[in-house]
Amino acid sequence: QAQLRQRKGRPLAPRMSPCIGAMVANRHRQQVASGARSRMWRRAMGGQRWAAKVCVWAVLGAALLGAARVALGASGARAVGEFVGRPAPTLQSSAFVGGCTERGPHPAASLRGARQAAADRQRMKRRAGKPEVNYAMDEEGSRASPGSERAAQWWADNAQAGEEAAFDQTRLVEFVLGRPFEVIQRVLETVCVAAGMWWAWKAASPPSSDQDTGTTYSASLDRSTASSERGEVLRAGLQNMGVFFVKLGQTAAQRPDIVGDEIAEELKGMQERNTPFSDEVALRIVAEDLQWRGPLAPGVLWDGCPEPEGSPLLAELDAKHVASASLGQVYRGRMHDGREVALKVQRPGVQPALSLDWAVALLGARTYTTVMGSANDYGAIVDTVARGVRMELDYHNEAANAEEFATRHAFLPFVSSPGIVPELMGPRGRSRILAMNWYPSRAPRDVPVGERRAMVEKAVEACIVQLLVTGYVHADPHEGNLRVGDDGRVVFLDFGLMDRMDFGLMEKCSEGVRHVLNKDWLQLSRVFQDVRFTPTPMMRNTAYGKSRKPNYEPCTLEEFAEEVGIQLEAEAGGQSRFGAMATALKTLSSRYLMLTPPFVALLSRTFLTLEGLLGDDPVLAKEYNVYRVALPFALRRLFSPRTKRGKTFLRETLLRNPASKRPLPNWTALSGLLASSSAPSAPGPGSA
């Protein structure tokens with residue numbers, strides 16, 4: 001009754017005692033407050049989804065920007081500060097954060113400046129033992145190989161509007177801040193898939209002990225054991241992460257010294273086959289790119305064909321793919337003029353995700369470098385691989401690569417490659433179809449031992465020529481891209497991922513071949529410095545065996561050369577295999593600073609993969625010496641230098657007093673070169 005009278009604006013009844021009136025008034029106030037809280041809660045609940053999303057994205061964005069700042073260091077902080085409109089603190093401006101008046105800086109600003117200065121001092125202290133790395137070669141010792149301009153022009157003409165900041169680690173922050181939500185989502189997807197792979201790998205049972213033959217791992221291209229449940233999980237996870245990580249997995253399959261024997265063995269399956277996509281989707285892509293309205297072949301209709309009774313594009317076409325790779329699938333057909341063709345159709349959705357995968361991989365590489373205190377610039381390697389994969393997605397560029405490869409290696413009678421069929425390709429710059437002549441051939445595992453041995457010798461010699469003579473290296477020579485032609489020649493396929501060698505690198509590699517055969521470890525160590533495998537001066541890790549984080553101090557090159565000789569002579573195949581040298585240098589990397597220049601990412605993949613072919617033939621693996629096979633080509637390169645330093649080296653080697661007006665021949669040096677070139681070597685391709 002009192003509440004009702006109060007709502008109507010009437011006073012409480014006079015007969016109500018003051019105590020009861022106070023209780024009623026208090027109860028009324030509680031109900032009013034409760035109603036207000038209920039209305040506030042309903043309004044909050046009405047916008048809970050929007051608020052939750054904003055909070056989640058804000059937290060993740062702050063975490064990502066913090067990780068980018070950690071990964072990128074001072075440059076990343078400065079770029080983030082410029083993006084939000086505030087200058088990043090530096091050693092010069094940190095004491096004046098917040099402004100400065102005639103009375104001096106604000107006390108809070110001075111405190112922030114002192115803290116920033118202390119943080120900068122700690123950062124400089126941590127970097128005291130971390131040397132600066134420069135991968136660029138000297139101008140006198142470098143000269144770009146022919147064809148390099150085409151790659152540079154491709155980037156200038158084909159950079160898409162949405163990728164202007166991609167594949168350049170110096171613009172990572174700009175790329176991330178331009179699409180923060182997409183990058184965060186891709187980071188979360190990648191982390192979740194990677195965590196699931198790790199958990200499944202640990203939870204799944206390893207191969208039983210009775211399957212262990214006791215043999216050591218061989219880097220052959222064929223699997224030596226049956227596929228396991230753990231391997232299926234690993235391969236499926238990498239394929240779900242994207243094509244960039246598939247390429248990394250294919251490369252890791254030939255690096256057991258880095259990822260371990262078991263993981264490398266399981267990753268071989270990614271070189272042989274990949275999860276295919278729908279054939280109906282592939283046929284539709286062919287019709288759309290070629291703007292064909294009728295059937296693709298008699299009896300082969302694509303989904304949504306508007307003119308099923310029209311004339312067919314091809315005389316024959318197998319609607320089922322014959323091979324599935326990481327970037328596309330291959331279909332076999334026959335043209336109306338009788339030529340057999342191979343149509344490679346690009347996997348849908350590959351190109352848009354590549355730039356995001358690059359950003360994720362680069363963030364991971366930078367974070368790893370910062371946390372582990374490494375002096376290597378792994379971001380440059382990520383850039384190199386990502387740029388190569390991006391160019392591989394342009395099928396017109398791959399067609400140009402195939403024609404250049406055939407032209408440069410036409411003097412090798414035992415090497416061949418299929419020709420291009422341009423009339424069956426889509427528009428330039430966005431074609432999703434690559435048409436090539438069908439080359440009758442067989443896989444290496446399908447030929448007898450004798451033919452396989454001859455193919456291995458031819459393939460290794462062909463890649464040595466690419467490294468030391470032409471400078472145009474096939475960077476993806478796994479088993480799916482190497483075939484034994486019915487005409488006896490080794491057939492190279494898939495020219496999307498190629499690598500160009502600088503003339504200076506070719507000359508230094510040629511010197512290195514001679515020094516390994518002569519066991520001149522000091523000169524070999526100088527070659528390592530010239531090609532930026534090691535810094536100048538040489539740096540030794542004084543924290544080896546004491547701390548996980550290295551602390552480098554200068555040491556003599558003679559000390560390092562002695563360790564190189566001991567390691568190579570103790571390593572199995574140390575003086576006959578490129579891969580054994582890579583393993584030896586990996587072992588020394590814990591005690592000395594070893595650098596990883598960007599060209600190593602693709603070049604090492606080529607030769608480690610090819611040397612893996614030797615592992616399937618014990619006789620050939622024991623007798624074959626890659627350095628002796630390479631020696632004639634190395635001498636050819638040394639006798640025809642293209643760089644200023646190479647020409648100076650040749651004059652000083654073959655002439656006495658080369659600066660004089662009448663220099664005399666150095667017959668001792670010349671006879672030594674001729675004697676080394678006439679040393680017995682492994683049988684060449686013609687001997688088989």
Side-chain angles (χ1 to χ4, degrees), residues 130-138 140-142 251 255 257-258 369 374-381 384-385 467-468 471 473 475 499-541 544 550 552 554-569 571 573-575 577-608 611 626-627 630 634 637 643 645-646 649:
K130 181 179 177 181
E132 296 293 334
V133 176
N134 181 19
Y135 293 132
M137 298 183 64
D138 298 337
E140 294 185 354
S142 63
T251 304
R255 294 304 304 268
D257 56 318
I258 296 178
T369 302
S374 175
N376 274 296
D377 186 4
Y378 294 112
I381 299 178
T384 301
V385 176
L467 172 66
L468 301 180
V473 183
D499 195 17
R500 297 184 185 274
M501 293 289 293
D502 185 275
F503 278 118
L505 288 176
M506 287 190 277
E507 293 173 5
K508 290 302 177 181
C509 290
S510 300
E511 292 182 28
V513 169
R514 286 187 55 231
H515 299 327
V516 170
L517 292 176
N518 295 332
K519 297 184 179 181
D520 192 343
W521 309 127
L522 181 59
Q523 294 299 326
L524 180 64
S525 300
R526 289 197 173 96
V527 171
F528 287 160
Q529 288 184 328
D530 292 336
V531 299
R532 302 302 186 260
F533 279 175
T534 57
T536 304
M538 196 64 212
M539 308 294 288
R540 181 179 65 248
N541 180 18
Y544 174 69
Y552 295 107
C555 67
T556 63
L557 189 62
E558 289 76 11
E559 173 189 341
F560 176 72
E562 183 179 357
E563 293 294 334
V564 168
I566 295 174
Q567 194 66 38
L568 286 178
E569 292 178 1
E571 189 76 30
Q575 300 176 59
R577 299 283 186 276
F578 292 147
M581 177 176 290
T583 304
L585 295 180
K586 177 66 169 56
T587 304
L588 292 174
S589 63
S590 58
R591 289 178 287 167
Y592 298 91
L593 176 57
M594 307 299 297
L595 306 182
T596 309
F599 71 87
V600 174
L602 300 179
L603 190 63
S604 61
R605 171 175 178 155
T606 300
F607 288 94
L608 291 176
E611 288 184 355
V626 176
Y627 293 105
R637 172 53 59 198
T643 65
R645 181 170 297 176
F649 172 80

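Each residue takes its place number in the sequence, starting with 1. This is a predicted model, so every value here is computed, not measured.
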Enclosure of Glu559 CD (heavy-atom neighbours >12, cutoff 6.0 Å)
yes

Could you report the tightest heavy-atom contact between Phe560 and Ser525, atom names first, then the distance?
CD2-OG, 3.7 Å

Minimum side-chain heavy-atom gap Gln523-Val527 below 4.5 Å
no

Where do Tyr592 and Cys555 come nearest, in terms of heavy atoms and distance?
CE2-SG, 3.9 Å

Quick one: do Tyr627 and Phe578 satisfy ring pair (Phe, Tyr, Trp, His ring centres under 6.0 Å)? Show the steps, please.
CA-CA 8 Å; Tyr627 293 105; Phe578 292 147; 5.0 Å; yes

Side-chain heavy atoms of Arg637 within contact of Phe503, under 4.5 Å
yes

OG1 on Thr534 to CG on Leu585, rounded to 0.5 Å
9.0 Å

Would a 4.5 Å heavy-atom cut-off, applied to side chains only, mark Pro535 and Tyr552 as touching?
no

Hey, does Gln575 have a side-chain heavy atom less than 4.5 Å from the side chain of Lys519?
yes

Minimum heavy-atom distance Ala634-Leu468, with the two atoms named
N-CD1, 3.9 Å

Find the distance between CD (Gln567) and CZ (Arg591) and round it off to the nearest 0.5 Å.
6.5 Å

Separation of Asn541 CG from Leu588 CG (nearest 0.5 Å)
12.5 Å

Might you point out which heavy atoms bring Arg645 and Asp530 nearest each other, and give the distance in Å?
NH1-OD1, 4.3 Å

Between Glu507 and Thr643 (side chain of the first, backbone of the second, donor and acceptor by atom type, cut-off under 3.5 Å), is there such a pair?
yes

Do Leu467 and Met506 have side-chain heavy atoms sitting under 4.5 Å apart?
no

So how far is it from His515 NE2 to Phe528 CZ, rounded to the nearest 0.5 Å?
10.0 Å

Interatomic spacing from CE in Met581 to CZ in Phe533 - rounded to 0.5 Å:
9.0 Å

Rounded to the nearest 0.5 Å, what separates atom CG in Asp502 from atom NZ in Lys508?
12.0 Å

What are the two closest non-hydrogen atoms of Ser589 and Met594, and how far apart are they?
CA-CG, 3.4 Å

Less than 4.0 Å between a side-chain N and a carboxylate O, is that true for Arg514 and Glu511?
no

